[in-house]
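Hydrogens, waters and symmetry mates play no part in the numbers below; they use all other heavy atoms, side chains included.
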Amino acid sequence: LKLAEAMAKLYTKKRSREFEPTEDDIKSFYIDHKDEFKPSLEAELYIMAIPSLPLADSIKRELTANIDKFEELAKRYSIDGSAIAGGYIGYTKLEKFPYALRNWIETTQQNGVSEPIKAGEYWFILKLDGKRVSSTEYKDLKPAIKMLLKQLVKREKMVEEERALKRSIL
């Protein structure tokens, strides 16, 4: 418990002095790891997670009559965290989805709304607004690399601080 309290205090104190990667840091990381950045399919999506098939079927019938109701229905019925935004999750890499959802997105030729799809304990209804292949260009990856470097440095600092605290306590 003492270690956890000390870690929390240190983290709070250190947060005000967060690492900010330089342009050279970001560019070097990109060059060193360029072969790891591979294009992948991304989809611009809205999503609803529905707890039962009868409710999912009812929602799908409403959407068949008026696809523009997707956001309203997502806010009302979806149990997904994106419900507050009308189900909108933006452009997302497909590998983040269970196979059943990913398969529908990959095989859908045009924008539209899926039938209810079972994945885990829930039924999902997806609205596809577009697909694209992610870029591997530096200018497009720079913001993500910057965030990744900040996270890596923060994690490394926390590990170092934990080791130091353990040594001082023991």
Side-chain angles (χ1 to χ4, degrees), residues 1-49 70-71 74-75 78-108 110-112 114 117 119-122 124-170:
L1 186 60
K2 287 182 182 182
L3 178 61
E5 289 172 6
M7 288 294 292
K9 286 179 186 174
L10 269 175
Y11 180 73
T12 304
K13 194 160 73 174
K14 297 265 183 185
R15 263 195 343 197
S16 61
R17 297 180 299 191
E18 287 189 25
F19 168 71
E20 194 63 37
T22 66
E23 180 72 24
D24 287 342
D25 294 333
I26 299 167
K27 207 169 258 183
S28 291
F29 185 90
Y30 175 76
I31 291 167
D32 293 346
H33 297 86
K34 190 171 185 172
D35 61 325
E36 297 172 37
F37 298 110
K38 303 206 182 319
S40 63
L41 186 60
E42 298 176 332
E44 185 175 22
L45 293 169
Y46 290 78
I47 191 168
M48 277 190 243
F70 194 97
E71 292 178 53
K75 286 178 183 177
S78 180
I79 58 171
D80 185 73
S82 66
I84 195 164
Y88 186 70
I89 59 173
Y91 273 99
T92 307
K93 292 183 184 219
L94 298 191
E95 61 259 16
K96 295 181 178 184
F97 292 100
Y99 173 78
L101 303 182
R102 190 171 60 240
N103 186 53
W104 179 82
I105 297 164
E106 289 172 343
T107 58
T108 298
Q110 62 187 36
N111 299 349
S114 73
I117 303 168
E121 297 179 27
Y122 302 103
F124 291 86
I125 299 174
L126 305 175
K127 179 181 170 199
L128 176 65
D129 273 358
K131 293 190 249 185
R132 68 181 183 198
V133 175
S134 64
S135 172
T136 59
E137 297 294 317
Y138 174 73
K139 66 180 176 49
D140 298 321
L141 293 173
K142 182 180 173 182
I145 293 171
K146 182 178 181 178
M147 187 182 337
L148 175 64
L149 288 174
K150 289 174 84 167
Q151 290 170 345
L152 290 172
V153 168
K154 186 185 288 186
R155 184 170 51 202
E156 186 57 36
K157 282 183 180 179
M158 291 299 293
V159 168
E160 288 172 14
E161 291 165 0
E162 182 179 7
R163 285 184 193 130
L165 278 170
K166 282 181 180 178
R167 283 192 298 271
S168 70
I169 291 174
L170 301 176

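Residues passing the side-chain contact (heavy atoms from CB on, under 4.5 Å) test with L149 are F19, P21, D25, I26, F29, I145, sequence neighbours excluded. Scored by the salt bridge (Lys or Arg N to Asp or Glu O under 4.0 Å) test, K131 finds no partners at all (sequence neighbours excluded). Applying the side chain to side chain donor-acceptor pair (under 3.5 Å) test to S82 and every residue at least two apart in sequence or in another chain returns D80. Annotation: side-chain contact (heavy atoms from CB on, under 4.5 Å) contacts of L94 (sequence neighbours excluded): L41, A43, F97, R102, I105, E106. E23 meets the side-chain contact (heavy atoms from CB on, under 4.5 Å) test with K27, Y138, K142; sequence neighbours excluded. Scored by the side-chain contact (heavy atoms from CB on, under 4.5 Å) test, Y88 finds E44, Y46 as partners (sequence neighbours excluded).
One finds no salt bridge joining K75 and E71 here, because no Lys/Arg side-chain nitrogen approaches an Asp/Glu carboxylate oxygen to under 4.0 Å.
Summarising the geometry of T136 relative to Y30, their closest heavy-atom pair is O-OH, 2.7 Å, with the distance given to 0.1 Å. In plain terms, the two heavy atoms of A74 and A83 that are nearest each other are O-CB, 3.5 Å. Here the shortest heavy-atom pairing between A49 and F124 reads CB-CE2, 3.5 Å.
Within a 6.0 Å sphere centred on CD of E121, heavy atoms belonging to other residues, nucleotides or ligands number 12 at most.
Judged purely by atom type and a 3.5 angstrom limit, S40 has no side-chain atom pairing as donor or acceptor with the backbone of S134.
One distance of note links CZ of F70 with CG of L126; it measures 7.0 Å at 0.5 Å rounding. Put simply, CG on N111 and CG on L128 are 5.0 Å apart, with the number rounded to the nearest 0.5 Å. Between the NE2 atom of H33 and the CG atom of L141 there is a distance of 13.0 Å, given to the nearest 0.5 Å. Interatomic distance, CG of L101 versus CG of L45, reported as 9.0 Å (0.5 Å rounding).
For the side chain to side chain donor-acceptor pair (under 3.5 Å) with E42, the qualifying choice from R132, K93, K96 is R132, the only one to do so.
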